[in-house]
Novice: 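Here it is, the structure, as structure tokens.
When a ligand or atom number is given, it counts from 1 through the structure's own listing order.
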Amino acid sequence: MKFELLHTDPATQARAGKITTDHGVIETPIFMPVGTVASVKGVHQRELKEEINPDIILGNTYHLYLRPQTQILEKAGGLHKFMNWDRNILTDSGGYQVYSLSSNRKIKEEGVKFKSHIDGSYHVFTPENVMEIQRTIGADIIMAFDECTPYPCDYRYAQRSMHMTHRWLDRCINHLDKLPYKYGYEQTFFPIVQGSTYKDLRQQSAEYIANAGAQGNAIGGLSVGEPAEEMYAMTEVVTAILPKDKPRYLMGVGTPINILENIALGIDMFDCVMPTRNARNGMLFTAHGTINIKNKKWEDDFSPIDEMAHTFVDTEYSKAYLRHLFAANEYLGKQIATIHNLGFYMWLVREARKHILAGDFRAWKEMMVKQMDKRL
Ligand SMILES: Nc1nc(=O)c2cc3nc(NCCN4CCCCC4)[nH]c3cc2[nH]1
């Protein structure tokens with residue numbers, strides 16, 4: 001992987017960059033649509049490419065390991081072939097999903113024992129086998145196996161969790177070095193900063209991760225219920241320490257406002273289920289605020305979904321029609337809302353990149369944060 005830092009905004013820490021991998025170029029700042037189990041829910045790969053045009057999407061080790069399982073992915077020649085997606089893919093390592101999805105899991109030094117949320121079978125993830133699984137899935141960017149420290153937690157817990165994540169990081173790196181690529185293209189490994197919301201632990205973890213000398217670095221343990229101000233404060237502490245010539249990925253973030261605030265703090269990569277999950281619930285994000293399309297007020301509003309026309313659905317369908325589809329529980333409604341929200345998120349980060357390069361990012365960001373903070 002190659003990262004070119006094209007410009008850093010003088011008034012903030014915002015950056016415009018370009019990542020190049022064997023599956024193409026990723027222009028940063030970037031939002032990565034979440035395709036947990038090899039599908040961005042309700043959207044065809046062709047629609048994704050033609051209408052939303054993400055340079056990279058997310059997959060998930062925990063889910064893909066349980067279903068379709070790694071031997072199927074291996075027989076298919078990896079996840080790109082299996083889902084017919086020839087652009088970039090990033091897989092999360094499962095550290096978060098085990099903690100958020102599995103009914104009962106035990107975290108020990110060796111690894112995490114968990115019960116499948118699908119059929120109740122027991123499994124163990126270790127730094128070593130998660131590296132093997134991610135080699136088999138074949139994503140272009142793969143994440144360290146870490147513990148996403150639960151929030152809130154006391155200092156002692158956060159400290160011990162962070163040190164275990166650092167020991168697991170060393171095990172990931174040592175094991176990965178023994179695992180050749182399976183499908184003939186490069187895979188890049190990102191370590192993950194922890195430390196919960198304790199400034200000194202975040203500094204220690206950022207130093208440890210920076211010293212690993214990876215091609216990119218991630219910030220974990222945030223967007224787990226902490227107040228946004230805490231998220232921003234921890235991001236600021238960490239980006240001050242992480243190397244500037246490597247991309248920074250803030251995991252699981254976030255709302256449109258969170259994304260703009262964190263771009264200003266020096267983050268290059270984002271992923272979040274919000275645009276897709278909220279869409280399925282009728283919540284639309286727009287540059288002028290959020291719309292709950294199920295609200296009766298839209299039942300005779302025949303204006304386009306979004307005049308800014310980020311994607312074809314914005315002008316081909318009215319608010320009234322979309323509200324009707326949700327009222328009738330037609331899954332076309334969920335599909336339309338999903339394409340709209342992903343189109344908006346991609347527009348937002350691309351606009352941010354334009355303003356960073358134009359030198360007026362701060363003023364634009366302040367205006368957008370105010371404008372988007374409305375319920376329409
Ligand atoms: N390996 C790993 N380590 C993390 O610390 C981590 C931290 C994360 N924090 C989030 N937050 C997701 C928040 N999301 C907001 C919309 C509703 C569903 C949850 N996702 C994460 C994923 C993560 N993955």
Side-chain angles (χ1 to χ4, degrees), residues 31-36 41 58-65 90-102 105 107 111-112 114 125-127 129-131 133-134 137 139 141-153 157-158 161-166 168-169 171-172 189-198 201-202 205-206 208-209 214 216-228 230-232 234-235 238 242 248-259 261-262 267 269-281 283 285 290 338 341-342 345:
F31 178 77
M32 303 182 279
V34 175
T36 306
K41 295 183 180 358
L58 233 72
N60 194 283
T61 300
Y62 169 84
H63 291 276
L64 292 166
Y65 163 82
L90 181 151
T91 42
D92 193 357
S93 56
Y96 178 82
Q97 284 69 32
V98 163
Y99 130 77
S100 67
L101 273 172
S102 170
R105 72 241 171 241
I107 299 180
V112 182
F114 63 92
F125 272 173
T126 65
N129 72 10
V130 166
M131 292 301 108
I133 296 165
Q134 290 190 90
I137 295 172
I141 301 175
I142 61 176
M143 303 311 291
F145 187 62
D146 61 334
E147 182 192 1
C148 172
T149 310
Y151 176 86
C153 73
Y157 186 97
S161 170
M162 177 193 77
H163 284 304
M164 186 170 71
T165 283
H166 293 172
W168 285 1
L169 170 59
R171 287 170 54 189
C172 287
F189 173 82
F190 280 17
I192 302 172
V193 176
Q194 292 293 341
S196 188
T197 54
Y198 298 100
L201 297 182
R202 280 284 171 185
S205 193
Y208 196 88
I209 267 65
N217 298 297
I219 303 175
L222 292 176
S223 188
V224 286
E226 79 285 356
E230 289 273 4
M231 177 205 284
Y232 303 149
M234 293 305 110
T235 299
V238 172
L242 291 181
R248 292 84 174 262
Y249 165 31
L250 180 54
M251 305 185 83
V253 173
T255 67
I257 290 174
N258 293 157
I259 287 176
E261 295 296 1
N262 281 296
I267 299 295
M269 301 166 73
F270 300 89
D271 88 275
C272 190
V273 294
M274 250 187 191
T276 41
R277 184 176 293 181
N278 287 31
R280 295 195 297 277
N281 205 14
M283 295 294 292
F285 292 101
T290 55
T338 300
N341 276 355
L342 287 175
Y345 265 66

Novice: Parallel, tilted or perpendicular: which describes the rings of F145 and F125, with under 30° parallel and over 60° perpendicular?
Specialist: perpendicular
Novice: Could a heavy atom of Q97 be found less than 4.0 Å from some atom of ligand 1?
Specialist: no
Novice: Using the test ring pair (Phe, Tyr, Trp, His ring centres under 6.0 Å), find all partners of Y249 that sit at least two apart in sequence or belong to another chain.
Specialist: none
Novice: Is there any N or O on C148 that sits under 3.5 Å from an N or O of ligand 1?
Specialist: no
Novice: Using ring pair (Phe, Tyr, Trp, His ring centres under 6.0 Å) as the criterion, list what pairs up with F189, not counting sequence neighbours.
Specialist: none
Novice: Judged by non-hydrogen atoms, does M251 sit under 4.0 Å from ligand 1?
Specialist: yes
Novice: Of the side chain and backbone of D146, name the one, both, or neither that has a heavy atom under 4.0 Å from an atom of ligand 1.
Specialist: side chain
Novice: What atoms of ligand 1 come closer than 4.0 angstrom to any heavy atom of G220?
Specialist: 4 (C), 5 (O)
Novice: So, do D271 and L90 sit near enough that their side-chain heavy atoms are less than 4.5 Å apart?
Specialist: no
Novice: Working to the nearest 0.5 Å, report the span between OG1 of T165 and CD1 of I209.
Specialist: 8.0 Å
Novice: Does T149 approach ligand 1 within less than 4.0 angstrom via side chain, backbone, both or neither, non-hydrogen atoms only?
Specialist: neither
Novice: Specify side chain, backbone, both or neither for Q194, according to which of its non-hydrogen atoms lie closer than 4.0 Å to ligand 1.
Specialist: side chain
Novice: State the atoms of ligand 1, each with its element, that fall below the 4.0 Å cut-off from a heavy-atom position in S93.
Specialist: 1 (N)
Novice: Could you list which atoms of ligand 1 come closer than 4.0 Å to a heavy atom of G221?
Specialist: 4 (C), 5 (O), 7 (C)
Novice: Between N60 and Y65, do the side chains contain a donor N or O and an acceptor N or O under 3.5 Å apart?
Specialist: no
Novice: Counting the benzene-type ring for Trp, do Y62 and F114 have ring centres under 6.0 Å apart?
Specialist: yes
